[in-house]
Amino acid sequence: MRASQFLIATQKETPADAEIISHQLMLRAGMIRKLASGLYTWLPLGLRVLRQVETIIREEMNAAGAQEVLMPAIQPAELWEETGRWQKYGAELLRVKDRHDRDFCVGPTHEEVITDMARNELRSYKSLPANFYQIQTKFRDERRPRFGVMRAREFIMKDAYSFHVDRDSLDETYEQMYATYSRIFERLGLDFRAVQADGGSIGGSSSHEFHVLADSGEDLIAFSSESDFAANIELAEAVAPESSGSQQSLEKVATPGQHSIEEVSSFLQIPAAETVKTLILRTDENCDQPLLALVLRGSDTLNEIKAAKIHGLSEPLVMADEKEVRTATGAAPGSVGPLDLKIPVYVDRAAAALAAFVCGANEDGFHFKGASWGRDCHSQYTVVDLRNVVEGDPSPDGKGQIQLKRGIEVGHIFKLGAQYASAMNATVLDANGKATVMEMGCYGIGVTRVVAAAIEQNHDENGIIWPDAIAPFSLALAPLNMHKSEAVREAAEALYRDLQAAGYAVLMDDRNERPGVKFADLELMGIPHRLVISDRGLKEGTLEYKGRRDAESRNVAQADVLDFLKEVLSGSH
RNA sequence: CGGGGCGUAGCGCAGUCUGGUAGCGCACCUGUAUGGGGUGCAGGUGGUCGCAGGUUCAAAUCCUGCCGUCCCGACCA
């Protein structure tokens with residue numbers, strides 16, 4: 001490709017509304033442009049990267065025996081009513097009506113459509129297992145789109161759905177997809193981790209996320225320092241510490257105006273880890289009490305995913321208002337404690353392990369010191385895992401300690417089980433001639449997000465540094481002063497021809513620009529390899545090579561350049 | 001959806017408080033010189049000041065409403 005015939009839309013200045021580096025660089029390098037909130041046009045440069053990512057995903061999915069399909073982006077409401085999600089999905093589902101006033105949605109995911117296809121086309125256990133995938137545009141009407149294509153409303157996803165006669169077959173394909181995903185992210189050249197994950201609203205029993213490690217990531221991942229344990233913090237089990245400290249006598253102390261944990265712990269000169277906070281939350285119709293209490297150490301934070309598993313708790317979690325808190329406990333928030341409450345009480349393992357703790361006295365302006373569960377709490381309570389793990393916690397597998405890192409979720413695999421197939425009556429005949437509901441798995445990769453994640457992980461102060469595998473061009477030719485120097489022009493054109501013939505994706509910067517402009521643009525765009533052709537070098541029969549990460553360039557004899565590139569670029573074609 | 005900020009040329013901004021000719025840098029076009037790190041000089045193109053209404057002799061500027069957009073809190077590839 002000649003730069004003179006390719007849209008090079010680089011910008012010097014960073015658009016004011018781009019927060020994270022990948023968003024800034026994608027705009028500055030001329031990969032994307034915003035059309036509206038959460039909607040982006042992919043310019044030629046960006047699209048080349050996107051296609052590279054898609055190609056790798058496609059190759060690996062095909063190699064794993066998955067079959068590519070393409071489903072409509074617009075889906076009829078009837079299918080979503082079959083699974084109940086037309087009601088349940090909420091505002092993120094963009095609903096539209098056609099000219100006949102029929103309801104449709106712009107697909108945020110495709111379980112319904114694929115299950116409909118499967119029940120129509122799959123009749124016998126003999127055609128199972130089957131795994132279908134597509135690379136397609138999704139739309140989720142996010143409350144708050146941000147970070148450019150990282151969290152856009154319209155985005156491209158590779159989604160795959162597998163169908164099975166039984167659980168064993170699902171397990172097998174799930175393992176195979178796990179391995180396939182690992183291979184895909186390895187080939188993409190990304191530093192990633194597979195972690196245990198919560199099934200989330202899509203449901204299902206077993207689930208792993210694939211995260212690209214980056215400080216800008218929105219997720220926290222817990223690792224063990226000693227073992228291969230890795231889990232999203234949403235799921236990571238917080239193990240109960242040894243019962244610590246010694247019993248003290250119970251003492252009621254006046255704590256006027258001291259409400260928050262920080263205030264109380266500094267007022268009483270007692271560490272937050274030896275205090276207890278009591279959160280009063282609303283319940284749903286499955287609970288005969290209007291409120292319940294969650295108890296954590298003052299130093300811990302509530303893990304809402306874990307809390308949501310408590311039976312009867314409203315979802316999403318809603319804190320009780322001040323009036324409700326007073327009715328239930330006799331005190332205002334800030335003086336509430338877990339002792340002798342009349343509502344159900346759930347105590348985090350770590351809080352339950354305290355031998356003596358500070359808590360609200362359920363009387364405005366008073367707290368207890370030295371409280372003990374066994375001695376002082378005369379009402380029932382349940383001990384559960386409620387807190388987020390923190391650095392230094394013991395790993396749940398008993399080996400090593402927890403470390404936390406930030407990650408960008410780029411892939412997620414689920415075992416869906418039979419929930420969709422059963423709701424939509426998707427059955428096949430088994431070996432006994434009996435109709436049996438299929439088991440399903442589902443496997444997603446955020447294709448557009450992968451592009452942004454790759455930049456988060458690979459950039460410097462001059463711009464993007466593409467991994468070879470997804471670079472928009474493998475290498476660039478930068479002929480200097482070619483519009484004046486016949487020798488440079490001829491050498492550059494000849495080299496360009498040879499490199500193209502050899503199959504390289506090469507960008508020939510034939511623009512009539514000064515060297516500094518070319519260097520800056522090529523670096524901003526992240527092209528991993530660069531050859532400079534100049535009068536100076538040609539006199540000595542050399543070209544100048546520089547890898548995007550190299551500090552210095554080196555000279556290569558003109559005659560050896562093809563062999564040299566073959567070596568440098570090996571593995572990337 | 002709640003709270004806050006911002007809407008002036010493709011991008012980054014000033015001007016708004018205190019009403020009176022719409023400005024700067026980058027980009028873009030022309031000419032010229034230059035030719036190894038976003039080059040210099042000269043000239044130039046481009047804006048219903050987010051939209052609508054109001055106040056006023058006069059509105060980018062004051063008032064009202066709406067829209068868009070970004071940031072902070074509940075979901076997810």
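Note that these values count all heavy atoms, side chains included, but never hydrogens, waters or copies made by symmetry. Chain A is the first sequence line, chain B the second, and so forth, proteins listed ahead of strands; every chain is numbered from 1.
- By the 4.0 Å N-to-carboxylate-O rule, A/Arg530 lies close enough to A/Glu523 to be salt-bridged with it.
- A/Leu524 has its CG atom 15 Å from the P atom of B/rG38, to the nearest Å.
- Rounded to whole Å, the separation between the P atoms of B/rG4 and B/rC57 comes to 35 Å.
- B/rC6 and B/rG68 make up a base pair, with Watson-Crick or G-U wobble contacts both under 3.5 Å.
- Proximity of A/Arg146 to the phosphate of B/rC70: no side-chain N or O atom is located under 4.0 Å from OP1 or OP2.
- A/Ser534 comes within 4.0 angstrom of a base, heavy atoms only.
- For an aromatic pair to be called close, the ring centres must be under 6.0 Å apart, and A/Phe414 with A/Tyr443 fails this.
- If you check B/rC24 for Watson-Crick or wobble pairing at under 3.5 angstrom, you find it paired to B/rG12.
- Contact check, A/Arg143 against B/rA74: no side-chain N or O comes under 4.0 Å of OP1 or OP2.
- Ring centroid separation for the pair A/His211 and A/Phe192 does not come in under the 6.0 Å cut-off.
- With hydrogens and angles ignored, a donor-acceptor pair under 3.5 angstrom links the side chain of A/Asp521 to the base of B/rG38.
- A centroid separation of less than 6.0 Å is found between the aromatic rings of A/Phe210 and A/Phe185.
- When the P atom is used for both B/rA60 and B/rG7, the distance is 16 Å, rounded to whole Å.
- Taking 3.5 Å as the limit, the base of B/rG37 and the side chain of A/Arg530 contain a donor-acceptor pair of atoms between them.
- B/rG15 sits 25 Å from B/rG53 when the C1' atoms are compared, rounded to a whole Å.
- A/Glu154 has no carboxylate O lying under 4.0 Å from a charged side-chain N of A/Arg140, or vice versa, which leaves the two without a salt bridge.
- Of all nucleotides listed (B/rC72, B/rG12, B/rU69), B/rU69 comes nearest to the side chain of A/Ala36.
- Between the base of B/rG10 and the side chain of A/Gln11 there is no donor-acceptor pair shorter than 3.5 Å.
- More than 12 heavy atoms of other residues, nucleotides or ligands sit less than 6.0 Å from atom CG of A/Asp191.
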Exercise for the section: Carefully, step by step, assess A/Met31 and A/Val451 under the rule side chain to side chain contact (heavy atoms under 4.5 Å, CB included). Expected result: CA-CA 10 Å; A/Met31 293 178 65; A/Val451 176; 3.8 Å; yes
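- Atom name P, nucleotides B/rG5 and B/rU64: the rounded distance is 14 Å, in whole Å.
- A donor and an acceptor atom sit less than 3.5 Å apart, one in the side chain of A/Glu523 and one in the base of B/rG37.
- In this structure, CD on A/Gln457 lies 5.5 Å from CG on A/Leu190, to the nearest 0.5 angstrom.
- Regarding contacts with the backbone of B/rA77, every side-chain N or O of A/Thr109 stays at 4.0 angstrom or more from both OP1 and OP2.
- Rounded to an integer number of Å, the gap from A/Asp509 CG to B/rG37 P is 15 Å.
- Put simply, CZ on A/Arg153 is 15 Å from C1' on B/rC75, counting in whole angstrom units.
- Shown here, B/rC1 forms a base pair with B/rG73; the pair counts as Watson-Crick or G-U wobble because both key distances fall under 3.5 Å.
- A salt bridge is absent between A/Asp141 and A/Arg143; no separation between the charged side-chain nitrogens and carboxylate oxygens falls under 4.0 Å.
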Problem - Worked verdict on A/Glu439 versus A/Lys415 for side chain to side chain contact (heavy atoms under 4.5 Å, CB included) - result: CA-CA 8 Å; A/Glu439 294 276 331; A/Lys415 289 181 192 174; over 6 Å; no
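- For the C1' atoms, the distance linking B/rG47 with B/rU21 amounts to 15 Å, nearest Å.
- Atom CZ of A/Arg151 is separated from atom P of B/rU69 by 17 Å (rounded to the nearest Å).
- A salt bridge links A/Glu60 with A/Arg187; the closest basic N to acidic carboxylate O contact falls under 4.0 Å.
- OP1 or OP2 of B/rC70 sits under 4.0 Å from a side-chain N or O of A/Lys34.
- Rounded to whole Å, atom C1' of B/rU69 lies 10 Å from atom OH of A/Tyr40.
- Residues A/Glu19 and A/Ala520 each lie close to RNA chain B; by heavy-atom proximity, the contact nearer the 5' end of the strand is made by A/Ala520.
- Under the Watson-Crick or G-U wobble criterion, with both distances below 3.5 Å, B/rC17 is left unpaired in every strand shown.
- Heavy atoms of A/Asp141 sit nowhere under 4.0 angstrom from any nucleic acid atom.
- For B/rG43, the paired nucleotide is B/rC29, the pair qualifying as Watson-Crick or G-U wobble because both relevant distances are below 3.5 Å.
- Nucleotides B/rC51 and B/rC67 place their C1' atoms 7 Å apart, quoted to the nearest Å.
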Practice task
Summarise protein proximity over nucleotides 24-34 of chain B in one line of letters, 5' to 3': B for base, S for sugar-phosphate only, - for none, counting protein heavy atoms closer than 4.0 Å.
Solution key: -BSS------B
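- Here the side chain of A/Arg449 is nearest to one of B/rU69, B/rA77, B/rG38, namely B/rA77.
- Of the C1' atoms belonging to B/rA14 and B/rG25, the separation is 11 Å, rounded to the nearest Å.
- Contacts of A/Asp17 with the nucleic acid, taken as non-hydrogen atoms under 4.0 Å apart, involve only primed sugar atoms and P, OP1 or OP2.
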All N/O contacts under 3.5 Å from nucleotides 41-44 of chain B to the protein, with atom names and distances to one decimal?
none

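- Pairing partner, B/rC62: B/rG54, with both Watson-Crick or wobble hydrogen-bond distances short of 3.5 Å.
- Judged by distance alone, with hydrogens and angles left aside, A/Asp535 brings no side-chain donor or acceptor close enough to the base of B/rG35 to form a pair under 3.5 Å.
- Take the nearest nucleotide of RNA chain B for A/Arg28 and for A/Thr14: the residue whose nucleotide is more 5' is A/Thr14.
- Comparing the same atom, C1', in B/rG10 and in B/rC29 gives a spacing of 14 Å after rounding to whole Å.
- Nucleic acid contact class of A/Ala478 (heavy atoms, under 4.0 Å, all strands): none.
- A salt bridge does not link A/Arg554 to A/Glu544: none of the charged nitrogens lies less than 4.0 Å from a carboxylate oxygen.
- A/Asn232 comes within 4.0 angstrom of nothing in the nucleic acid, heavy atoms only.
- Using a 4.0 Å heavy-atom cutoff across all strands shown, A/Glu209 reaches no nucleic acid atom at all.
- A distance of 7.5 Å separates CG in A/Asp159 from SG in A/Cys442, rounded to the nearest 0.5 Å.
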